[in-house]
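Quick caveat: nothing in here was measured; it's all calculated off a predicted structure. Just so you know, ligand 1 is whichever comes first in the structure, and atom 1 is the first atom listed for that ligand.
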Amino acid sequence: MISQSKTIRRTDASSDMRKKKTRVQNKNMTLSRRLMGSPTQIWKSRLSWRIALAVFLTILTVQVSILSVTIKDYERSQISVLVESVRSAIVPAIDPVVTDPYAPPLNDALVARILANTKISGLSIYSPYLNLIHTYGEAPIITLLTPNDLSRTYRSESGDAYETVFRQDTLHRPYIMTVRMNAQEIQPKVIAYVKQTILIMLLMSAFVTTVLMVALGHWLLEPILFLRSNLMKASENPENPKIEESPFDHNDEIGMAIDMSAKLIIQNADNLRRIKSAAEDQIHKLAYYDTLTNLPNRTLFLLTLNEQSRAKGADSNQRYAVITMDLDHFKDINDTMGHNIGDAILRAVGKRLRASMPESATVARSGEDEFAITMPLNGDATSARDIAERVIGVIRSEPFKVFNEMFQVRASIGVATYPDDGIDPDQVLKNADIALNRAKEEGRDLIKEYSEDFDRAVQQRFQMLRDLREAMERNQLDLFYQPQLDLKTGAVIGAEALLRWWKPNNSKEGGSYISPAEFIPIAEQSGLIVPIGEWVTMRACRAAAGWAKAGHNIRIAVNVSGAQFYQSDIVAYVKKVLEETGLNPHMLELEVTESVFMEDIQHTIKILQDLHNLGVELAIDDFGTGYSSLSYLRQFPIDRLKIDQSFIRNALNNPDDAAIARTIVALGHSLNLKVIAEGVETREHEKFLMDHGCDEVQGFRYSKPIPHEKFDAFITTYNGDITQFET
Ligand code: C2E
Ligand code: MG
Ligand code: MG
């Protein structure tokens, strides 16, 4: 935040800068020079070198082309000086009075002197009619034969000799002369001239280049280097670029470009910071908040607990309530009504909870259908239980209206207090969860306060799970069978396979049976139910196949847990068992409880259909205690309803239960299903069921669940007379 405002201030300063330009400029000039524009840096710059080279070469090329012209001029001027000196040496030597045009006008001795003392090495004299009169010294190469030859000159290849023609008008005499001159000194003069000129040119080029480079460095390179340094700073730290104010003329092109780039850098930094902070907010929201209810999630809830525990350090009397809440049968709502409704209910619950709690409370969605609340205990809320009661009150107070439908939601609540139930906040939350599980186990729609005994119960469960695993390995599991009879004929038409666990101990008997009601839930929770269930199915089918072989048509009923439907391929396994044992599929009946149907209806229907297609019969166990909706019942491929034993037990003294039992029989029959009653203990029970047309019975009246051999004995000795049983 601090660096951000600094940058913003810098932008303002840059817009303001024009006014205080001169003052700031001087100061900044030195600073920015130091930063990026030192002369060595300029001369090191590639751009400088390229420009310098280009400028240098251009100047040199121009000068060389000028030089090539001036050399010729120079040489020509040297020659004309020579020619003129020769002419002025010759003219006075010509005799002005010679009248014979064919007689040489020069005195030999004079010519010899001229040849010795001047640059003239030879000469030929012609008459005006181009007749050669005489040649002196080295004969010139030029010979005059036609008037055209009068304009000829000659230069030897080495440049040492030069020849020219002097006509009458040049000589002011009636003669023409070809003269050969010694031009040896001209060439070195020309060379010296070229050398000197080149040196001057080089110096000029270097000077011009230097001046240009200094100018370019000042007006172009320095600003570019400044721009580059700003861009580099921006790329190093785009979010918080430490760029300099431009000391350059803001009105020239490059000055404007620098200002524009600074503006862009600052804008970019602003955008980056905005994007980053928005992303951070988003990440924070995703990490710590539940997107459905906008309440804190479990992570933030735990952080809050930890914060509270730190705050508590300062105030040793402060206590906090930690409450976890789970909506009862929320899964059913989700499955039957769809996720939209489920989500809307969760949102409404979250909203109502938040509204009902004070500011000091943290209300979180801690799981799918779980909420958690923590708040300091003081003022009007002095115990965690009070708060839990308030929570359950607001949930129950009125149904939730979702998409114009009313939903009565119930919740189970676990309560713990920090630090009474643990000094570690995580542990306190765990303890609240343990209490919540207790509330769910004890029938839901309840508040349970954490007690240390729960811990013991949890430990016992873990121990039982370990023991159960061991029991499986040591073959301490056994199957008992309980007969099922046809009420009309009295015949034994089936048997329910019931699991028994013989647990050895130090008692007189050497051990005791543990009820499946005690260990089946643990096996279900741990997944152990899958191998146990497979073992039971195989064992029960083998027994039934044995009875069939002995001539007894006894259908074997095997209990199946919901977990087996979801954690294993039960269809494949049942098929394998039927193949291995050779049992007629109709002689196997699988008993499922209504809760199974509520897990995932489509998946359940599919599995039940597949099982039914194998020929296996299906019964709903403990019928009447669950939540089966009649509309679903029609979709399931069911053969039998099994009235829960509680209705039978109470049928004779509770008219409601009697009515339910009667209704189940009627319902079953109306759906073309067989109805079997379990828990039949007395003759009265039996009579009640006979009177209302129940098809089959199972109960202690006929036999308790008994070991395999005893069951064998039962079916061989039983004579089919249902009246023979006592009680
Ligand atoms: P369930 O399937 O409803 O089994 C009937 C229970 O009622 C059995 O208890 C049986 O012994 C008991 N019972 C039968 N007739 C009477 C009677 O006249 N009076 C009384 N008071 N009780 C009677 P059990 O054997 O203790 O089994 C309890 C539950 O454990 C079973 O209830 C079943 O849900 C589960 N269970 C048993 N074996 C298995 C199994 O192999 N797999 C699975 N998944 N669950 C099993
Ligand atoms: Mg059963
Ligand atoms: Mg039952």
Between Asp610 and Lys606, is there a side-chain N and carboxylate O pair less than 4.0 Å apart? yes
Which residue is it: Trp502, Trp501, Tyr513? I am looking for the one with a ring pair (Phe, Tyr, Trp, His ring centres under 6.0 Å) to Phe519. Trp501
Heavy atoms only: give me the nearest Asp421-Ala416 pair and the separation to one decimal. OD2-CA, 3.3 Å
Tell me, please, which residues at least two apart from Asn297 pass side chain to side chain donor-acceptor pair (under 3.5 Å). none
Listed by chain and number, what are the side chain to side chain donor-acceptor pair (under 3.5 Å) partners of Gln482, not counting sequence neighbours? Gln698
Which protein atoms of type N, O or S are found under 2.8 Å from the Mg ion (ligand 2)? Glu496 OE2, Asn559 OD1, Glu591 OE1, Asp621 OD2
Please check: side-chain N/O of Asp290 versus main-chain N/O of Thr293, any donor-acceptor pairing under 3.5 Å? yes
Keeping the roles fixed (side chain from Asp695, backbone from Lys674), state whether a donor-acceptor pair exists under 3.5 Å. no
Note down each nitrogen or oxygen pair, ligand 1 side and protein side, whose separation is under 3.5 Å; give only atom names and the distance to 0.1 Å.
{"residue": "ligand 1", "atom": "2 (O)", "partner": "Glu496", "partner atom": "OE2", "Å": "2.9"}
{"residue": "ligand 1", "atom": "2 (O)", "partner": "Asn559", "partner atom": "OD1", "Å": "2.8"}
{"residue": "ligand 1", "atom": "2 (O)", "partner": "Asp621", "partner atom": "OD2", "Å": "2.7"}
{"residue": "ligand 1", "atom": "3 (O)", "partner": "Asp622", "partner atom": "OD1", "Å": "3.1"}
{"residue": "ligand 1", "atom": "3 (O)", "partner": "Glu678", "partner atom": "OE1", "Å": "3.4"}
{"residue": "ligand 1", "atom": "3 (O)", "partner": "Glu678", "partner atom": "OE2", "Å": "3.4"}
{"residue": "ligand 1", "atom": "7 (O)", "partner": "Gln645", "partner atom": "NE2", "Å": "2.7"}
{"residue": "ligand 1", "atom": "15 (N)", "partner": "Gln482", "partner atom": "NE2", "Å": "3.0"}
{"residue": "ligand 1", "atom": "18 (O)", "partner": "Phe700", "partner atom": "N", "Å": "2.8"}
{"residue": "ligand 1", "atom": "19 (N)", "partner": "Glu681", "partner atom": "OE2", "Å": "2.5"}
{"residue": "ligand 1", "atom": "21 (N)", "partner": "Glu681", "partner atom": "OE2", "Å": "3.1"}
{"residue": "ligand 1", "atom": "22 (N)", "partner": "Gln645", "partner atom": "OE1", "Å": "3.2"}
{"residue": "ligand 1", "atom": "25 (O)", "partner": "Arg500", "partner atom": "NH1", "Å": "2.9"}
{"residue": "ligand 1", "atom": "25 (O)", "partner": "Arg500", "partner atom": "NH2", "Å": "2.9"}
{"residue": "ligand 1", "atom": "38 (N)", "partner": "Leu499", "partner atom": "N", "Å": "3.1"}
{"residue": "ligand 1", "atom": "42 (N)", "partner": "Asn559", "partner atom": "O", "Å": "3.4"}
{"residue": "ligand 1", "atom": "44 (N)", "partner": "Ser561", "partner atom": "OG", "Å": "2.9"}

Parallel, tilted or perpendicular: ring planes of Tyr481 versus Phe711, cut at 30 and 60 degrees: tilted
How long is the span from the CZ atom in Arg555 to the CG atom in Asn584, to the nearest 0.5 Å? 12.0 Å
